[in-house]
Student: 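Below are the structure tokens for one structure; questions will follow.
This structure is a prediction, so every number in the text was calculated from the model and none was measured. No hydrogens, no waters, no symmetry mates; every other heavy atom, side chains included, goes into these values.
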Amino acid sequence: MLPLIIIGAVLGTITTALIMAYVFMKDKKQAIGFDRHMSDREIIKRLLGYAKPYWKSFILVLVIMGFTVAADILLPLVIGDVASVLGQESFEYRHVLLDAIIYFAVLLVSSLCTYLQAVILQTTGQRIITEIRKDLFVHIENLSHNQLNAIPVGKLVTRVCNDTNSVSMMFTGLLVNLVKNVFLILGYVIAMFCVNVKLTLLVLCFVPFIFLFTLIFRKYSRKAYRKVKNAYTDINTFLSENLSGIKVTQVFNQEGTKNRQFGRKNDRVRKALHQEIFVFSVFRPCIYMLYLFAVTILFFIGGRDALGEVSFAGQIITFSTIIIFYQYISSFFTPIQNLAEQFNRLQSAFASSEKIFTVLDMQSEIVDSSDAVEVEEIKGEIEFRDVWFSYIPGEWVLKGVSFKVEAGQTIAFVGATGSGKSTILSLICRNYDIQKGEILIDGMDIKKIKISSLRKHFGQMLQDVFIFSGTVRSNIVLKDESITDEEVMEACKYVNADSFINRLENGLDEVVRERGNNFSAGERQLLSFARTVVHKPSVMILDEATANIDTETEILIQDSLEKMMNIGTMLMVAHRLSTIQHADNIILLSNGEIVEQGTHQELLKLKGKYYNLYTLQYRKELLK
């Protein structure tokens with residue numbers, strides 16, 4: 001009885017230690033506010049929603065899986081039969097040969113089924129993940145500017161790439177293998193009961209400990225995986241920002257500082273991974289320990305009963321029975337150990353899924369109203385009626401702003417930084433929604449117009465021009481295949497962009513590197529002008545479009561602006577007052593309020609704030 005006493009003592013000690021650790025972690029979890037926003041059931045339900053269209057493929061996989069499960073259960077019986085035959089004083093070689101043929105045939109069918117299962121799962125799983133990535137990207141596109149400003153780009157990249165890869169593992173084998181291992185365990189238990197009830201009951205004595213260890217491991221692994229995911233998100237966010245601004249880092253000689261910051265974040269990833277590995281390294285040996293104890297009891301009690309020919313429930317334990325049970329115990333604990341590894345990966349997939357669904361559950365702050373309509377044509381008449389707006393509640397950026405723009409007019413907004421000029425341009429396109437007042441387009445409240453219908457009539461040219469990697473042509477047409485090369489070149493000539501495009505070796509097919517860094521600021525601005533003109537907008541918006549431009553390019557841009565004023569309504573923000581002298585109306589803003597408005601000449605005659613601002617700029621130009 002000594003082996004049984006030792007096994008009981010070890011199991012009791014380990015179980016007590018794990019339970020105490022579990023209770024301690026639970027208290028600590030509450031102390032630090034550790035919480036999970038979505039349950040496993042909710043996550044599985046939502047993921048199965050993506051898998052539902054492919055249910056036939058999963059049914060086929062389950063059928064194939066049935067053959068592999070049956071094969072795994074049958075093989076130990078074949079080996080036991082061989083052992084029984086070989087244990088006889090006289091046996092027929094044909095019997096052994098037949099068992100060998102059956103063994104290899106079953107093994108061949110099992111391997112073929114495993115291959116087919118893997119192919120179907122990979123194909124189906126990748127289709128599901130493609131849909132998730134697509135939904136995620138489209139949803140991010142529809143978020144408001146305010147929401148996008150609040151979320152680091154690196155975090156969104158992590159959601160679309162890293163987290164979907166973790167979910168991909170679940171669909172390409174994890175869930176099906178979990179089901180397979182569950183069926184294997186149940187099949188082994190049934191088979192063992194059929195072979196010998198007593199030995200089966202002895203093996204099942206370890207099942208409560210398996211469930212207990214799994215429950216404890218589940219809590220620890222969930223926490224560890226969340227730390228890993230958060231650490232990866234943090235380092236991806238850091239890389240996204242600092243690689244984009246690495247030139248600034250070099251200019252100010254801050255490489256050492258950034259290296260130390262990266263080192264701390266990298267160290268956080270390392271510690272999180274170490275914790276994850278530690279959790280798993282404790283659980284797997286615990287399951288293996290249960291396997292060794294089960295084998296020990298099998299040999300101790302089974303061997304003693306076999307020698308004494310002890311009968312239990314009408315069944316006598318033989319040495320072939322012990323061999324069969326040894327195979328079954330190994331097979332019984334193998335899927336349990338696999339479940340540990342698969343559960344480890346499942347927690348990773350759940351942690352990633354939770355983060356993906358958190359983004360998908362974000363409701364855009366800017367949405368179409370229920371009665372919003374499509375607008376096929378916009379004349380360009382714009383009116384602000386007592387508009388109040390704030391980015392932060394209570395801190396008003398615009399205070400009761402009212403003005404009207406007739407169709408085809410050119411309106412310029414001037415004023416100090418933070419006076420609300422750029423905000424007005426953003427509000428017209430519904431990048432943000434106002435808190436009070438009304439904004440009308442052709443007499444219709446912009447909230448009554450569908451966002452996509454509203455924005456397609458606007459062309460925006462900003463100070464910080466964003467150029468995509470690709471070609472000159474792709475940056476102008478923006479993947480609109482209906483625009484011909486003739487239309488592209490006509491737009492380029494109209495805005496004087498042809499002056500540098502014709503000098504390029506490949507013309508419109510010239511390669512554009514990331515963010516257009518192989519073009520000057522002026523060339524990028526002219527490309528944005530061509531991009532706007534070729535899409536034929538009804539209203540054009542220019543926000544500091546001539547800032548940071550060299551004198552030669554500014555002359556080209558000024559000429560382009562004068563031409564574009566004839567296309568439709570134009571709204572401009574400019575610090576250089578020389579660029580807005582021909583505007584039909586100039587609105588001077590101060591602290592979110594309109595203080596002066598009129599033509600260039602009218603405002604000069606007033607000799608107010610605009611006059612002082614223009615005089616100051618004129619003197620600076622003379623000093624140059």
Student: Can you confirm whether Asn591 is buried at CG, in the sense that more than 12 heavy atoms of other residues, nucleotides or ligands lie under 6.0 Å from that atom?
Tutor: no
Student: Passes side-chain hydrogen bond (donor to acceptor under 3.5 Å, both in side chains), Gln126 versus Ser168? Steps please.
Tutor: CA-CA 7 Å; Gln126 291 306 320; Ser168 174; 3.2 Å; yes
Student: Does a side chain donor of either Tyr188 or Asp72 reach within less than 3.5 Å of an acceptor in the other side chain?
Tutor: no
Student: Glu276 side chain to Val228 main-chain N or O, any donor-acceptor pair under 3.5 Å?
Tutor: no
Student: How long is the gap from CD1 on Ile434 to OG1 on Thr423, to the nearest 0.5 Å?
Tutor: 12.5 Å
Student: Trp55: what forms a ring pair (Phe, Tyr, Trp, His ring centres under 6.0 Å) with it, not counting sequence neighbours?
Tutor: none
Student: Would you give the length of the straight line joining atom CD of Gln117 to atom OG1 of Thr68, rounded to the nearest 0.5 angstrom?
Tutor: 5.5 Å
Student: Output all residues satisfying ring pair (Phe, Tyr, Trp, His ring centres under 6.0 Å) with Phe171, sequence neighbours left out; order by chain, then residue number.
Tutor: none
Student: Between Phe357 and Arg46, is there a cation-pi geometry (under 6.0 Å to ring centre, at most 45° from the normal)?
Tutor: yes
Student: Could you tell me whether Glu141 atom CD has more than 12 heavy atoms of other residues or ligands within 6.0 Å of it?
Tutor: yes
Student: Pair Asn165, Arg133 - check side-chain hydrogen bond (donor to acceptor under 3.5 Å, both in side chains), show working.
Tutor: CA-CA 10 Å; Asn165 283 337; Arg133 285 198 186 102; 2.8 Å; yes
Student: Within this structure, what is the CD1-CD1 distance for the pair Ile356 and Ile132, rounded to the nearest 0.5 Å?
Tutor: 6.0 Å
Student: Identify which one of Asn230, Thr158, Thr233, Asn162 satisfies the side-chain hydrogen bond (donor to acceptor under 3.5 Å, both in side chains) criterion when paired with Lys355.
Tutor: Asn230
Student: Taking Asp234 first and then Lys265, would you say they form a salt bridge - that is, a charged N and a carboxylate O separated by under 4.0 Å?
Tutor: yes
Student: What's the separation between atom CD1 in Ile366 and atom CG in Asn146, rounded to the nearest 0.5 Å?
Tutor: 8.0 Å
Student: Roughly how far apart are Leu398 CG and Ser419 OG, rounded to 0.5 Å?
Tutor: 9.0 Å
Student: To the closest 0.5 Å, what do you measure between CD1 (Ile451) and NZ (Lys456)?
Tutor: 14.0 Å
Student: Go through it in stages, so that I can follow the logic: the residues are Arg260 and Asp267, the test is salt bridge (charged side-chain N to carboxylate O under 4.0 Å, His left out), and I'd like the CA-CA distance, side-chain angles, deciding distance and then a yes or no.
Tutor: CA-CA 10 Å; Arg260 288 189 291 274; Asp267 193 55; over 6 Å; no
Student: Check for a donor-acceptor pair, side chain of Ser453 on one end and backbone N or O of Ile449 on the other, with a separation under 3.5 Å.
Tutor: no
Student: The criterion is ring pair (Phe, Tyr, Trp, His ring centres under 6.0 Å); which residues satisfy it with Phe389, sequence neighbours excluded?
Tutor: Tyr391, Tyr432
